[in-house]
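First the structure, in the form of structure tokens, and then the observations on it.
A, B, ... follow the sequence lines: proteins, then strands. Residue 1 opens every chain.
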Amino acid sequence: MEQQRSSSGSSHSPRSSSSQPYLSISVTEPVKLGNGVQAYISYRVITKTNFPEYQGPEKIVIRRYSDFVWLRDRLFEKYKGVFIPPLPEKSTVEKFRFSAEFIELRRQALDIFVNRIASHHELQQSEDLRTFLQADEETMERLRSQETGIFKKKPADLMQIFKEMQTRVSDVVLGKEKPVEESNPEYEKLKNYIFELENHLSEAQKHAYRLVKRHKELGQSLSDFGKAAKLLGACEGHALGKAFSDLGTKSETLSVRLQKEAHQLLMNFEEPLKDYVRAVQSIKATIAERANAFRHQCELAETIKLKEINLDKLMLTRSDKVGEAELEYKELKAESEEATRRFENIVRVMNEEIVRFQDQKTQDMGIAFHQFAKGQSRLANNIADAWRSLLPKLEACLS
Amino acid sequence: MMGSENLDSEEAHMYASREEMENLVLDEPSNNNNGTKSFSDYRSAMSSLADTHHPLSSPMAAPADSDPLLTPPPFRDFRNPNVATDNSSYIEPPSYSDVIFSPFDENAVNEINGVDSPGRSSDSSGFLSKSTSSSSDYVKITVSNPQKEQETSNSLVPGGNTYVTYLITTRTNIPGHNGSEFSVRRRFKDVVTLSDRLAESYRGFFIPPRPDKNVVESQVMQKQEFVEQRRVALEKYLRRLAGHPVIRKSDELKVFLQVQGKLPLPTSTDVASRMLDGAVKLPKQLFGESVAVAPHEVVQPAKGARDLLRIFKELKQSMANDWGGSKPPVVEEDKEFLKKKERMHDLEQQLSNASQQAESLVKGQQDMGETMGELGLAFIKLTKFENEEAIFNSQRARAADMKNVATAAVKASRFYRELNAQTVKHLDTLHEYLGLMLSVHGAFSDRSSALLTVQTLISELSSLHLRAEKLEAASSKIFGGDRSRIRKIEELKETIRVTEDAKHVATGEYERIKENNRSELERLGRERRADFLNMLKGFVLNQCPQSYASVKRWTIFFLHL
């Protein structure tokens, strides 16, 4: 994802600190460590930067998946309203198998994750990011085990939150009365859009994944067919036998080509689609945060009203609790202002983020479609060339 | 094919979206939606032949709008008998749902092959009607119009038995037939009779195997489906018979195709007469009198109740062949033949394997096309959605990109479908030849049973001679002769003579069958080579233009981005 990296700064020369600011990160060299159930993958994270806050121009650390999760959770806590870049799924089953493909996909996704953070104007300032990129492994481990963010909640809880979100949105759409929702029609539209978008994208991604599988299967069939053709050719004599044998060999060659294309399709088409889906899911989490903030603000507003009434009552009765109540009232007022500020900040940030998100996604998908078309075009070309090369021989046999 | 998903919902979804797909405005000038509907009855060959797209013609002449599915087909004279090697014609693919939803099994393949292929069935020489014959004669058989009829003879069940008859129409220019077109009605039992009589008359030939009786299926399957399946199978069978250079001239076939009313061939199930015969012979056989096998009987293998003794003797002989210490008097000496038999066996194995792999290749292509189509549809829906909900320009831009991908994917899906329909046609040659192996087995077993008969007769002769010698030796000891013994010797000598005759005939039969085997093997080899080469060429050619067109398609899309 060169695009991601270069957007954080144009020059890549690590030596001159007077040039454009840049922060460029690589996630590389996945290594399997540990045994059996305890097994995990560690990655080499190489940071090249000229940001003054960083310890030096280059730093290499070793990180594992849960470290990335920690970073994501911290950012989610601190930068409310920002669409935090999504992480690849925490797989529980595939982990045991750790196929080469899985490892490479994960590495790529983590690389993209961390570079997106680095190119986000707010997120790139994050102290947690600096910790993640520079801290030694022991410190990282300590921090990791302390984490109690929203994503530490069990997936079931998370699903619950999302489900609540969904019902709340649909309730509003259906016109049912439900407490404390924003009555912002534009925002409603956005929420609907996000939820529906996820459905559409998931379907497309599912089919893309199946297409990858089809390429693999067709490749396998071609290979089997090629072998069978060769064996059949061995039964026949001379010209015919040779023809079968040539066909068989060509089949096997095309089989390899198809497997390659399947891999390309997975990496350059299906994975970006999946990434898109994850991004949308991350937005849903932000939507939930905004709802929380809004609810909090409303609750405080309610509480303040009550306190006001109570305070007036107390003042009328000249109770000695007035002082205490006034203090409470002032505190609440401050809290309420804080909550309102936080909420409004989220709204503002989200508005910026949505524009950025749409632009970015158009770019990303444009590349993915381009790759898809290129891949299919090349494949078709190769297939045509391969089969066509057999024709002269076959013609010769027939004459 | 749909994997673990709920087939119904997916099907419903796909049916609805199939309409969507067919009605897509895909920037094609000749977007003729009605054109696709006219392809539904692909069996009426006259009206729905697709455009002949010769693959070696310039593929650049095939821009996006000449999608064969959407352009109406011109009429094509499929009766041209010498179009044998033109395997490059498109048969329009079955309607979308047939290919997608019917499980890929023999039925689908049969259905697809039921189409009158100009290059295939009009020329009837050779096994598979592909290799040209030197003459331009042809026999074209069609089976159609199944009808239910009532059994008129008294049966045990009141109300009578119903059975199905089929209209069998023959068009030919071979002299010796009544005119050039004629029809008869036949039932399946008649076909069985025909097949049995042919098997008797043409021992040693590679007689195409007849369709199965399918007793279970006929009860279990839907009547219509079963009748249709059988119709297709019958047509195939009769065409193969007509395609055999020797059998097509047979009286049995002529009579079957021409004689109206009841089929004038002796049926195999003439139970009564056989029983009677058998009953007459049985006591003689049981009491061990030397019942000689009549010479005229040895031209048929021993079977059934009539030939009990003969069966027993031949069985004894075959066991002696296998387990006995001494070599049988006459053996299969033809080393050439034995070698060829080995090769046939090998060939059969590899054909079976190749046939299987061909099927899974076709399935792979089919699945690919399906998934492409589904992907395209999903993107179309996304495009619509983005366009409807668009707030930002970037969304519209994205929607436009997506639409291009969707369009390309949908087209790719259609091309895979067409590719597959043709691939099936070509690779079907493998299935056909695999089926033919059955007739080869039949011919070889004719040979071995004829040999066994000869061997048995020779053994019998030698034991008869032995008995005669013993009797003569014993009788010569008595002065003046032993009248009863002399009588016995006379009888024995008579038996020996008859048996000698039988042996003579049996040996002649055996030699005849051997010669049939030889000539058939040679013919099989010749035709197989030609058919296989055509198959390979057709298969390869087929893969090319598809890919050419799709290269163009992807490249165009590619440039638009």
Side-chain angles (χ1 to χ4, degrees), chain A residues 189-190 192-193 196-197 200-201 203-204 206-208 210-211 213-215 217-222 224-225 227-229 231-232 234-237 239-240 243-244 247 250 354-355 358-359 361-363 365-366 369-370 372-374 376-377 380-381 383-385 387-388 390-391 394-395 397-398, chain B residues 3 85 343 346-347 350-351 353-354 356-358 360-365 367-368 370-372 374-375 377-379 381-382 385-386 389 391-392 394-395 397-398 401-402 404-405 408 412 430 528-530 532-534 536-537 539-541 543-544 546-548 550-551 553-555 557-558 561:
Chain A
K189 198 161 174 246
L190 176 70
N192 278 341
Y193 169 76
E196 253 204 84
L197 182 64
H200 285 294
L201 281 177
E203 200 189 324
K206 202 172 56 170
H207 290 304
R210 255 195 247 136
L211 191 66
K213 219 168 45 142
R214 297 300 187 217
H215 278 73
E217 287 164 2
L218 187 58
Q220 186 60 50
S221 305
L222 271 170
D224 293 338
F225 179 70
K227 292 202 178 70
L231 285 172
L232 190 54
C235 289
E236 304 282 0
L240 182 59
F244 269 115
L247 185 93
K250 210 47 95 166
I354 198 74
V355 181
Q358 295 288 27
D359 286 340
K361 274 315 162 198
T362 304
Q363 213 175 22
M365 288 319 292
F369 292 147
H370 189 94
F372 179 50
K374 203 160 67 160
Q376 290 294 308
S377 158
N381 227 337
I383 292 177
D385 286 341
W387 290 123
R388 217 174 324 116
L390 283 180
L391 276 176
L394 281 175
E395 294 284 359
C397 283
L398 276 168
Chain B
T85 52
R343 282 191 60 198
D346 269 340
L347 182 68
Q350 299 316 328
L351 264 179
N353 184 27
Q356 255 185 319
Q357 301 312 333
S360 72
L361 176 64
V362 168
K363 179 159 193 307
Q365 286 180 169
D367 288 346
M368 182 74 96
E370 249 178 56
T371 305
M372 270 287 186
E374 287 167 359
L375 182 72
L377 271 181
F379 275 128
K381 283 199 260 172
L382 241 180
F385 172 68
E386 289 271 40
E389 309 283 331
I391 309 172
F392 303 97
S394 52
Q395 282 174 284
R398 193 161 65 230
D401 276 348
M402 232 179 255
N404 284 338
V405 171
L430 291 170
R528 192 179 72 242
R529 274 189 287 282
F532 277 177
L533 275 173
N534 273 323
L536 292 179
K537 180 171 166 212
F539 173 76
V540 167
L541 264 177
Q543 298 274 346
C544 290
Q546 293 298 340
S547 302
Y548 252 143
S550 86
V551 167
R553 191 175 11 100
W554 286 115
T555 312
F557 164 54
F558 183 31
L561 277 179

* Below 4.5 Å from any heavy atom of chain A, which atoms of Gln356(B) appear? Answer side chain, backbone, both or neither. => neither
* Asked: Is any NZ, NE, NH1 or NH2 atom of the basic residue among Arg528(B) and Glu236(A) found under 4.0 Å from an Asp or Glu carboxylate oxygen of the other?
  -> yes
* To do: Give, as side chain, backbone, both or neither, the part of Phe392(B) having an atom under 4.5 angstrom from any heavy atom of chain A.
  => side chain
* Asked: In terms of side-chain heavy atoms, does Arg214(A) have a donor or acceptor partner in Thr371(B) at a distance below 3.5 Å?
  -> yes
* To do: Among His200(A), Lys189(A), Gln220(A), single out the residue with the greatest number of heavy-atom pairs under 4.5 Å to chain B.
  => His200(A)
* Check whether any side-chain heavy atom of Lys250(A) lies under 4.5 Å from a side-chain heavy atom of Gln543(B), and answer yes or no. => no
* To do: Measure centre to centre between the rings of Phe379(B) and Phe372(A), then say whether the value is under 6.0 Å.
  => no
* Structure fact -> Most heavy-atom pairs under 4.5 Å with chain A, out of Ser394(B), Ala378(B), Ala358(B), Ala397(B), belong to Ser394(B)
* Quick one: does Arg398(B)'s side chain have a donor or acceptor within less than 3.5 Å of a partner on Gly366(A)'s backbone? -> no
* **Heavy-atom pair with the smallest gap, counting every atom of Val540(B) and Trp387(A)** => CG1-O, 3.1 Å
* Which bit of Leu247(A) is near chain B, if near means a heavy-atom gap under 4.5 Å: side chain, backbone, both or neither? -> side chain
* **Contact check, side chains of Arg210(A) and Leu375(B), non-hydrogen atoms, under 4.5 Å** => no
